[in-house]
Amino acid sequence: MSPVRVRIAPSPTGAPHVGTAYIALFNYAFAKSQGGQFLLRIEDTDQTRSHPSYETAILEALRWIGLKWDEGPDIGGPFGPYRQSERTEIYRQHAEKLLLKDGAYRCFCSAERLEKMREEQVKRGADPKYDGKCRTLGDAILAKKLKEKAPFVIRLKVPKRGKCTIEDRLRGSVTCEYKDIDDQVLIKSDNFPTYHMANVIDDHLMEITHVIRGEEWLPSTPKHVLLYEFFGWNKPEFIHMPLLLNPDRTKLSKRRNPTSIFYYRDAGFLPEALLNYLGMMGYSRPNGQEKFTVEEMISDFDIGRVALGGSVFDIHKLRWLSGKYIRESYTPEKLAACMAQWRINSEYFSKVMPLMMERMETMGDFMPRCSFFWAGELDYDAEALIPKKHSAEETAKVLQSMIAGLEHEPVWNAAMIEAKAKEMAKIWEWKIRDIVAPLFVAMTGKNVAPPLFQSMELLGPHICRYRFVQAIEKLGGMPKEKLAELEKELEERKAKLNPQPQPKPVEPNPEAATPTEPENRPPDATPPEEPPATV
RNA sequence: GGCCUCAUCGUCUAGCCCGGUUAAGGACACAGGGUUUUCAACCCUGCAACACGGGUUCAAAUCCCGUUGAGGUCACCA
């Protein structure tokens with residue numbers, strides 16, 4: 001038996017997701033319980049959404065929670081590079097081989113044609129699938145197109161008939177028909193591979209023995225299996241983990257919950273508690289123990305004990321666990337040291353101080369007036385959020401569009417946030433004061449507070465984001481349908497503001513591009529956190 | 001909608017693979033009580049589940065089939 005090698009393969013397209021940590025934990029526990037290795041590989045093949053800062057954040061978040069990898073982009077290893085954007089030549093060569101083996105073909109269809117094709121398919125009730133137009137291009141046409149340097153993608157040549165059976169360690173045999181599977185794009189027109197291509201090649205080259213990933217990948221596994229077969233490679237063992245869920249049992253999304261690992265860090269959860277909690281999602285120790293360290297988990301880890309139903313991520317229980325750690329595993333000194341590393345330190349105080357000085361008369365005024373800087377959750381009435389002359393619903397819309405506007409900003413500072421607030425005031429035709437008022441309450445829980453934008457800068461994007469979400473919840477929430485409407489309305493209002501037909505910001509997906517991105521994007525196009533590096 | 005997956009208390013789960021040992025166990029939450037100057041913690045008690053319908057069997061939460069429900073997925077995103 002070759003040594004067990006597993007990997008976590010996050011995509012640096014947003015804030016580090018708890019789902020990434022969850023899958024990482026189970027990969028880690030599995031590997032270590034088998035004396036194997038755990039790798040970290042960065043899947044940054046989406047040039048439009050990937051960003052190095054997100055990569056840094058992922059590594060930082062995984063380290064914070066206490067996971068260590070044996071090979072990765074930061075520490076290297078014998079199977080590098082561990083960043084897919086640095087392996088494009090490898091993928092190109094393999095695509096070439098695949099073409100030769102008749103496992104793939106070049107497709108010259110334009111995005112417009114594909115879009116039109118799908119529209120028609122949907123209209124007549126068929127499944128949206130590539131129609132295979134370029135599958136059988138004659139040599140002459142092919143040569144001509146190539147000579148013209150026409151842009152193309154490379155697609156997987158999925159058999160027309162037959163069945164595909166994949167073996168999942170937890171679920172047994174899963175069978176489906178090839179006819180239901182699309183001719184997946186393997187190499188995009190920018191020459192970067194898609195996930196399907198890159199993950200198979202890398203897993204093979206990096207000698208990955210077990211692919212432990214989220215259940216959302218199950219439907220695309222046949223494509224991966226096909227690739228292994230075309231290449232003539234041994235397949236790894238597939239283990240699809242249950243999903244982390246919102247309270248309404250849909251896939252955990254940042255729209256309604258804090259999904260960034262950094263939220264939990266900034267809100268003061270203990271990392272070992274978060275990791276422990278993740279370890280009880282879909283899993284239980286054989287002895288029933290609920291509070292356990294990773295080492296304990298590894299000591300008797302049994303992947304077969306993983307339960308298959310999705311698990312609702314219950315912050316209540318997480319809080320209880322965190323409290324249990326504080327009480328049972330910390331001394332006052334140790335906790336104090338921990339809190340000092342967190343936000344109870346002179347560095348953070350010195351940032352808060354300039355905002356507070358003008359507003360205090362005694363030092364005793366300090367704490368009560370700015371406790372929100374350290375609070376995890378705020379307590380206030382929904383009423384306080386709603387400015388006079390505006391409704392709860394309108395306020396929710398404005399707050400939601402603030403979230404969206406703040407989403408992908410590369411820098412997080414007071415000036416940027418203020419600019420956004422002003423922009424939103426213009427778009428919604430609200431007085432700036434009316435827009436700032438609910439922001440004050442949402443961010444601080446009070447309507448008397450230090451300067452808002454600077455406070456938000458200190459609070460950081462993760463805490464602020466969730467405070468927005470909570471405020472919107474208090475205002476009645478923002479269901480999917482409303483969100484979709486809101487996106488439309490926002491587009492219209494923006495268009496009205498700049499009548500010039502601006503070619504829209506730079507955003508990959510037309511739909512997901514809308515301001516209120518979180519929701520209706522397709523599966524997981526949500527820019528930032530969604531893609532819980534399930535992989 | 002097609003395909004795939006899943007289905008034990010409100011939530012996380014044990015039990016299911018190897019049917020009987022289960023009046024289905026634990027934890028969170030909730031309710032009540034105790035302890036405590038208060039709160040928290042802690043202790044005790046209570047509430048609360050095998051989705052439904054058929055089989056198989058002497059016996060089914062456990063095996064099989066169906067129904068229903070839920071979720072995932074159907075991109076030049078991962």
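Hydrogens, waters and symmetry mates are skipped; everything else that's a heavy atom, side chains included, is used. Lettering of chains follows the sequences in order, A, B, ..., and the numbering in each one begins at 1.
- Among B/A75, B/C3, B/G72, the nucleotide with an atom closest to any side-chain atom of A/Cys176 is B/C3.
- The separation of B/C9 from B/A70, taken at their P atoms, amounts to 16 Å, rounded to a whole angstrom.
- Separating the OH atom of A/Tyr22 from the P atom of B/C12 is a distance of 11 Å, rounded to the nearest angstrom.
- Between the CG atom of A/Asp248 and the P atom of B/A70 there is a distance of 12 Å, given to the nearest Å.
- Taking atom C1' on both B/G53 and B/U68, the two are 10 Å apart, rounded to the nearest angstrom.
- Within the nucleic acid shown, A/Arg319 has no heavy atom closer than 4.0 Å to any nucleic acid atom.
- Nucleic acid contact class of A/Thr175 (heavy atoms, under 4.0 Å, all strands): sugar-phosphate only.
- Pair assignment for B/A51 gives B/U67, based on Watson-Crick or G-U wobble hydrogen-bonding distances that are each under 3.5 Å.
- In this structure, A/Glu167 places its CD atom 12 Å from P of B/U5, rounding to the nearest Å.
- Using Watson-Crick or G-U wobble geometry with both donor-acceptor distances under 3.5 Å, B/C39 finds no partner in any strand shown.
- In plain terms, the two heavy atoms of A/Asn27 and A/Phe38 that are nearest each other are CB-CE1, 3.7 Å.
- Residue contacts shown for A/Pro12 are absent, as no nucleic acid heavy atom lies under 4.0 Å away.
- The side-chain tip of A/Lys474 points at the ring of A/Tyr380 from less than 6.0 angstrom away and within 45° of straight on.
- The separation between A/Lys223 atom NZ and B/C77 atom P is 12 Å, rounded to whole Å.
- Considering only side-chain atoms of A/Thr250, the nucleotide from B/G71, B/U5, B/A78 that sits closest is B/G71.
- Summary of the strand contacts: A/Asp44 and A/Pro128 both lie near RNA chain B, and taking for each the nucleotide with the nearest heavy atom, the more 5' one is attributed to A/Pro128.
- Taking the centre and axis of the six-membered ring of A/Tyr325, the NZ or CZ atom of A/Lys291 falls inside the cone set by 45° and 6.0 Å.
- Using a 4.0 Å heavy-atom cutoff across all strands shown, A/Ser284 reaches sugar-phosphate atoms only and no base atom.
- With both ends at atom C1', the span from B/A23 to B/G15 equals 16 Å, rounded to whole Å.
- Of the listed nucleotides (B/U5, B/C12, B/A78), B/C12 has the atom at the smallest distance from the side chain of A/Ser311.
- The partner of B/G2, taking Watson-Crick or G-U wobble pairs whose two distances both stay under 3.5 Å, is B/U73.
- Counting non-hydrogen atoms under 4.0 angstrom, A/Val153 reaches a base of the nucleic acid.
- Protein atom NE2 of A/His51 is 18 Å distant from nucleotide atom P of B/A78, rounded to whole Å.
- Across the C1' atoms, B/U21 and B/A27 are found 24 Å apart, a figure rounded to whole Å.
- A/Asp44 places a side-chain N or O within donor-acceptor distance of the main-chain N or O of A/Gln84, the cut-off being under 3.5 Å.
- Nucleotide B/A31 forms a Watson-Crick or G-U wobble pair with B/U45, both donor-acceptor distances falling under 3.5 Å.
- B/G34 and B/A24 are spaced 31 Å apart, taking the P atom of each and rounding to whole Å.
- Here A/Lys317 does not pair with A/Asp314 in a salt bridge; the nearest charged N to carboxylate O distance is not below 4.0 Å.
- The nucleotide whose nearest atom lies closest to any side-chain atom of A/Val185 is, among B/C76, B/U73, B/U5, B/C76.
- By the 6.0 Å and 45° rule, A/Arg41 does not stack over the aromatic ring of A/Tyr82.
- The neighbour count for A/Arg319 CZ, taken as heavy atoms of other residues, nucleotides or ligands under 6.0 Å away, does not exceed 12.
- Between A/Glu215 atom CD and B/A7 atom P there is a gap of 10 Å when expressed in whole angstrom units.
- Side-chain nitrogen and oxygen atoms of A/Lys179 include none within less than 4.0 Å of the OP1 or OP2 phosphate oxygen of B/G2.
- Across B/A29 and B/C44, the matching P atoms stand 15 Å from one another, rounded to whole Å.
- Listed nucleotides B/A78, B/G72, B/A75 differ in distance to A/Leu243; the shortest reach to its side chain belongs to B/G72.
- Shown here is A/Lys133, whose NZ atom has no more than 12 heavy atoms of other residues, nucleotides or ligands within 6.0 Å.
- Of the C1' atoms belonging to B/G54 and B/C18, the separation is 25 Å, rounded to the nearest Å.
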With B for base contact, S for sugar-phosphate-only contact and - for none (protein heavy atoms under 4.0 Å), nucleotides 25-44 of chain B reads -BBS------------SS--
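- Rounded to an integer number of Å, the gap from A/Arg305 CZ to B/C12 C1' is 14 Å.
- Applying the Watson-Crick and G-U wobble criteria (two distances, each under 3.5 Å), B/A23 pairs with nothing in any strand.
- Only the C1' atoms considered, B/C63 is 10 Å distant from B/C16, to the nearest whole Å.
- Salt-bridge check for A/Lys254 with A/Glu407: passed, with a basic side-chain N closer than 4.0 Å to an acidic carboxylate O.
- We find that A/Glu229 and A/Lys235 are joined by a salt bridge, their nearest charged nitrogen and carboxylate oxygen being less than 4.0 Å apart.
- Within the nucleic acid shown, A/Cys164 has no heavy atom closer than 4.0 Å to any nucleic acid atom.
- In this structure, A/Leu170 places its CG atom 16 Å from P of B/C16, rounding to the nearest Å.
- Candidate nucleotides B/A78, B/C6, B/U73 were compared by shortest atom distance to the side chain of A/Pro219, and B/U73 ranks first.
- Using a 4.0 Å heavy-atom criterion, one finds that A/Gly310 contacts the sugar-phosphate atoms exclusively.
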